[in-house]
Amino acid sequence: MSTRRPLALRVNRAEHELFAAPGDTLLTALRDALGFTGAKRGCNQGACGACTVLVDDEPVRACLTLAHECAGREIVTIEGAAGAAQALQAAFEEAGAVQCGFCTPGMILTAAAMLERTPRPSADEVRAGLSGNLCRCSGYRKIVDAVLRAAETGAP
Amino acid sequence: MRMEGTFEVGAPRERVWRCITDPTLMVACIPGCEEIAPVDARRYRARVLVEVGPVKARFNLVVEVVEELPFERVASVTRGEEGTRASILSAENMVILAEIGPALTEVRYSSDVSVTGRLAKYGLGMMKKRVDRLGVEFAERFRERIAAGATSA
Amino acid sequence: MSALAHLHRPATIEEAVRLLAAGDGERVRLLAGGATLVAMMNAELVDPAELVSLAAIAELRGIRALADGGLRIGAMTRHRETAAEARLAGAAAVLREAAARIANPVVRNMGTIGGSIAFADPAADYPPALVAADAAVEIAGRRGRRQVPAREFFVDWFATALAPGEMVTAVLLAPPAPGRGSYDKLCRVSGDFAIASVALSVAWRDGACERVGLAVGGCGPRPLHLDEADALLRSGRLGEAAARRAGELLAAAADPLEDVRASAAYRRRVIPRMVERAVAQARAQLEANR
């Protein structure tokens with residue numbers, strides 16, 4: 001007997017219909033059913049941060065969130081980047097903060113939520129804010145630079 | 001992961017020997033052991049449930065006696081797996097009996113256990129603590145059984 | 001493949017307890033924030049047939065004041081909310097500081113106090129903080145509600161006073177008292193589980209210690225707490241000698257693990273240092289207040 005059930009998810013400001021098993025994570029639904037592969041499957045344990053997406057404007061681990069728990073909520077992946085996330089994308093490019101790019105979507109969405117709350121963070125605040133997002137290429141320095149740069153340009 | 005321990009039993013060595021080589025008695029003494037059945041003269045099949053917090057694992061094991069010196073020592077190797085899952089357990093075990101008095105025997109045991117698969121992701125440090133405690137529990141149950149007059153002879 | 005066949009979303013605690021009681025503790029599990037349970041499901045460490053999500057139960061959410069001035073922290077309150085709660089001040093600040101040290105901002109946005117303490121990882125941040133603050137845990141089961149002091153709630157590695165079919169509904173704190181609460185954790189990298197942690201909660205009035213709660217995390221099957229150490233610190237007015245003796249007592253009573261984070265000997269060695277530091281900071285603040 002199939003346990004897969006229909007599910008309506010609102011992703012990047014559009015409605016999507018899919019089938020998901022009760023134990024399917026949001027990450028599985030986004031990547032495998034809906035094709036939003038910007039959210040990356042790294043550790044699948046919540047440790048690396050590569051799967052981070054926004055749910056109702058707050059960052060969550062898509063690998064630790066069940067898809068059926070997200071019905072009726074507003075999900076944003078890197079494909080739907082707008083506002084601060086878009087400014088961050090440009091800043092990452094300008095600062096050379098992208099190497100392999102696997103951690104970048106999670107970094108940008110986590111940073112976007114942080115800038116909503118703390119529009120002008122210090123470098124230490126940026127480091128603390130991104131402490132749950134791992135990058136195995138860089139020394140984090142350019143990533144922190146990029147977030148600070150985005151905060152400056154985004155300031156009123 | 002190495003576990004070892006020593007405990008004393010108030011019974012003659014021959015009687016302790018008969019008890020540790022009695023599968024029925026062992027089922028009652030080994031924490032989490034649900035079943036032991038002989039396969040042939042040297043091998044036993046055993047089913048053991050290991051519980052650590054919310055994680056429960058049921059292993060199907062084969063214990064093979066590789067060396068036996070009656071009344072003194074028995075060496076065995078254990079191999080097995082956890083149902084259809086990927087956890088594999090192997091162990092080398094030794095039990096040595098020493099006569100301390102006419103009705104007092106020292107049991108010394110050691111086991112080198114290795115676990116691979118999903119359980120190995122769960123902190124080994126904590127598993128060691130858990131296993132050490134199982135050793136103490138085993139000794140208590142074994143002493144109780146002997147005191148209650150258990151013997152296969 | 002996962003055996004999970006049902007994801008329930010009850011609207012009340014009573015309904016959640018009824019669904020939980022239908023299982024045997026392994027087949028049916030409660031889903032709080034998911035930060036630990038879903039990770040364990042992904043790692044195939046647990047494989048429940050049914051999950052009972054607590055997300056739709058309004059009564060479990062948020063922090064509110066009780067009639068006696070105490071605080072009730074609902075089981076589904078996220079670490080982020082607890083870390084930002086201004087009413088967790090004075091002696092109760094220990095809980096706020098512990099919440100702020102859990103994992104990282106994203107996980108703090110998911111994880112809940114109820115889920116964390118029901119899992120009862122002895123290296124986690126809440127257990128020693130709740131023990132130091134002498135909080136109580138509210139539990140619901142088929143026969144109604146009951147309260148258990150935090151000092152009796154944590155019983156062993158990953159084991160609590162919860163009986164099969166019971167769930168954590170809230171953490172209860174006495175009315176916040178003037179004083180100091182602090183939580184310090186020694187860890188390899190920011191957000192990791194503790195090698196060792198020290199939670200201290202001191203309530204004072206007119207320059208005198210009224211109540212001291214000291215607990216050590218990460219160094220045994222449950223938070224390490226000794227009435228004797230608390231009494232020493234209170235009667236010794238948080239003095240250096242009392243701090244040294246309390247640290248020695250706790251180190252002697254510890255039962256630490258050997259693991260990738262540190263050896264047992266190292267953990268025993270850092271406990272007194274961390275206790276002395278926490279007590280010295282509290283002493284300095286008490287003296288400044290005089």
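Quantities reported herein were computed from a predicted structural model and do not represent experimental measurements. Residue numbers start from 1 in every chain, and the chains themselves are labelled A, B, ... in the order their sequence lines are given, proteins ahead of strands.
Within the 4.5 angstrom heavy-atom criterion, no atom of Arg108(C) approaches chain A. In this structure, the portion of Arg117(A) lying under 4.5 Å from any heavy atom of chain C is its side chain and not its backbone. Of the two parts of Leu66(A), only the side chain, counted from C-beta on, holds a non-hydrogen atom closer than 4.5 Å to a non-hydrogen atom of chain C. Of the two parts of Val107(C), only the side chain, counted from C-beta on, holds a non-hydrogen atom closer than 4.5 Å to a non-hydrogen atom of chain A. Looking at Leu31(C), only its side chain comes within 4.5 Å of chain A, counting heavy atoms on both sides. Interface residue Thr110(A): only side-chain heavy atoms are found under 4.5 Å from chain C. Using a 4.5 Å cut-off between heavy atoms, Ala128(A) touches chain C through its backbone atoms (N, CA, C, O) alone.
Within the 3.5 Å criterion, the main-chain N or O of Asn44(A) finds a donor-acceptor partner in the side chain of Asn42(C).
Contact annotation for residues 67-83 of chain A against chain C (heavy-atom separation below 4.5 Å, listed by residue number): His68(A), Glu69(A).
Using a 4.5 Å heavy-atom cutoff, the side chains of Pro59(A) and Pro105(C) are not in contact. For the pair Met110(C)/Glu58(A), no side-chain contact is recorded, criterion being any heavy-atom separation below 4.5 Å from C-beta on.
Expressed to the nearest 0.5 Å, how far CG of Leu37(C) lies from CG of Leu64(A) amounts to 10.0 Å.
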Walk me through it: do Val38(C) and Thr65(A) pass the test side chain to side chain contact (heavy atoms under 4.5 Å, CB included)?
CA-CA 7 Å; Val38(C) 179; Thr65(A) 305; over 6 Å; no
